[in-house]
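In what follows, a single structure is set out as structure tokens and then discussed.
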Amino acid sequence: MRHIGPGPDWSVDAPYTLGMQTPIAPTHSHGETDRMTTPAAPATLPGLRPGVSGVRVRLAPSPTGSVHIGNVKTGMYNWLLARGQARRLGLDGQFLLRIEDTDRNRYVEDAADQLLDILRWFGLEWQEGPDVGGPHAPYVQSERLAIFQERARHLVAEGKAYPCFCSPERLQAVREGQQSRGEPTGYDRHCRDLPAHEADARIAAGEGHVIRFRTPREGETVVNDLVRGPITTANVTLEDSVLLKTDGYPTYHLAHLVDDHLMEITHVIRGAEWIPSAPLHVLLYAAFGWEPPAFIHVPIILAPGGGKLSKRHGATTMAEFRTQGFLPEALMNYLALLGWSFDATTEIFTPEELLEKFSIERLSPSPATFDYDKLRWFNQHYINHILTLDDLTGRVAPFLAAAGMIDAEAARTDHPQHALLREATALLKDRLETLADAPEHLGPFLVEALPDYDSALLVPKKTEPSAARAGLESTLALLPELDLEDEAAAETRLRALAEELGLKTGQLFMAIRVAATGRTQSPGLFGTLRVIGKDRLQARFADAIARLGTIADATA
RNA sequence: GGCGCAUUCGUCUAGCGGCCUAGGACACCGCCCUCUCAAGGCGGAGAUCAGGGGUUCGAAUCCCCUAUGCGCUACCA
């Protein structure tokens, strides 16, 4: 029987080393711990420092375009930790949103607004952020430049960072020289030991420069990742990274770290692409004299063929998944399982259930391949089995309205088209994989007149056109006295009709199906007839009969 | 090249030294239901647990090496 350790030991045993903490062990989801003799251990959260009463996590995207699915997944885990796991343990849990717009070259004008919009659509709610404010405002880094510059100056004053005057051209030349000699590339620390008076003079003269971190050249740094365990890196392999750029903007390394500290972030769940720079961050925290947060690096999402997920494979941004008709709940369920599991068999987790079940202990360190087929299955499952009919009706409506099939207001229950929309949705929902499939499937049930279709479809296999026509004429004649609301009765009547005409039920039913919908595939015939209704059926049958008049029987 | 991370059915995963002749799900195949197509139900095939060494009475589970994949190696995040 293994237990989660008594909690991380945060004692610092080396200047540049985080206190050792054992990687978290998963809890057993069943078994002996429930015995009455076992005193209930106080619930603890891995990575939480003693004395800290709550969890504060963040999602810190940069507004450089549309949000990638991977960023959202990472943000979701943060959200689930704060709003789910932490709160279940009776802790305060705050999830915040911070915009990291420190790259002026990649900045995209409306990206931040779109970001908030799509994150809200997805279902993430933040307690502090650029739109809602909070105790640590502003939550946009470009509005916090003075803070970062002050911190950088502070490090320089303490000798833990230094100004570097090397031009991009020199840096490139250095790199090329290293490459041609087969050496590891990297900054050669040319300005690391400039005399202070010289550096000051050049700055005073207005010479452009960056601020670099004076990385220790000896020892090693340990990053304690909560799911991976300790990751040790020799300091010699680390670079003197740029902290502050020539334009006065901070790099990610400086900005995120200062803000995480100021905003009292307790857990940093971020993409695995940050593992290589995590030692730098640990060193930076030490240089500032700050306690670092707990780290969890979650794997990046792989593309079906290997490599990273790109346009070539399908949707990659949140916005694309939305327009393709995916439900945020289904997307969240699928994404959650791409690197996390609850047990051996449970796979359906609504957002509420995720908040109840999610725990960082069960996060996986290995990368997962994105499977569009499985996502579609989840989406279909939510459409068909999880959403209520009224909910689904409301979600399908915008897609149908965009296709011009219903009025934009038809989702309102007092709208004249609403009843039909709802009935059609009920009838067709089991074949919708995405909301975007709705126009294709519901079309025949919503429009007045059918779009043109292949008249040959009206003649079922092994059936003469004349027989199909006779069947439809009889059905049309029978229509006024049929009670379509009583599906069983209508079925009995039409089965009898088939027998009278000497047709197999399949033959008659198929002819009717095509006449009613223009297709050979539809929901059950009698539900189909009921929803389309007598008026439209009358017109469609008449049209079908006219079409059949132009098709001659095969002369045997 | 250097540094790092990862490695159980095609894919997502369960597995924490004996419950594993490896469980579940997607996809695939078959059957059932049936007026078509879906949905649903039932069943099947599919992983010698990357390979090789150890440790142990016993290893998918612990250790080491190798291989492969991925990431980082920017005044991008």
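In what follows, chains are A, B, ... by sequence order, proteins preceding strands, each numbered from 1.
- Residue-level contact check: A/I275 touches the backbone only, with heavy atoms under 4.0 Å from sugar-phosphate atoms and none from bases.
- In this structure B/G1 sits in a base pair with B/U73, meeting the Watson-Crick or G-U test at under 3.5 Å.
- Taken to the nearest 0.5 Å, the NZ atom of A/K374 stands 12.0 Å off from the OG1 atom of A/T369.
- When each of B/C5, B/U36, B/C76 is scored by its nearest atom to the side-chain atoms of A/R106, the top-ranked nucleotide is B/C76.
- Taking 3.5 Å as the limit, the base of B/A27 and the side chain of A/K374 contain no donor-acceptor pair of atoms between them.
- Judged as a salt bridge (charged side-chain N to carboxylate O under 4.0 Å, His left out), and not counting sequence neighbours, the contacts of A/D391 are A/R395.
- Of the candidates B/U36, B/C3, B/A77, B/U36 carries the atom nearest the A/R513 side chain, counting heavy atoms from C-beta on.
- Phosphate contact (OP1/OP2 of B/U36, side-chain N/O of A/R519, threshold under 4.0 Å): absent.
- A straight line from NE2 of A/H385 to P of B/C26 spans 11 Å, rounded to a whole angstrom.
- In this model, the phosphate group of B/C76 is not approached by any side-chain N or O of A/T64 to a distance below 4.0 Å at OP1 or OP2.
- Taking atom CZ on A/F342 and atom C1' on B/G24, their separation rounds to 14 Å, with Å as the unit.
- Remark on RNA chain B: of its neighbouring residues A/A234 and A/K308, the 5'-side contact belongs to A/A234, judged by nearest-heavy-atom nucleotide.
- Checking B/C72, B/G1, B/C26 against every side-chain atom of A/E273, the shortest atom distance belongs to B/C72.
- No donor-acceptor contact under 3.5 Å links the side chain of A/R228 to the base of B/C5.
- The side chain of A/E239 approaches B/A74 more closely than any other nucleotide in the set B/A74, B/U36, B/A6.
- Residue A/L244 contributes atom CG, which lies 11 Å from atom P of B/C76 at whole-angstrom precision.
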Taking distance alone, no hydrogens or angles, what donor-acceptor pairs closer than 3.5 Å link side-chain atoms of residues 62-72 of chain A to residues at least two apart or in another chain?
residue, atom, partner, partner atom, Å
A/H68, ND1, A/G70, N, 2.9

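- In the set B/A14, B/C76, B/U7, B/C76 carries the atom at the smallest distance from any side-chain atom of A/K245.
- Nearest nucleotide to the side chain of A/I231, out of B/U73, B/C5, B/C3: B/C5.
- Counting distance only, with no hydrogens placed and no angle test, the side-chain atoms of A/T246 and the base atoms of B/C75 include a donor-acceptor pair under 3.5 Å.
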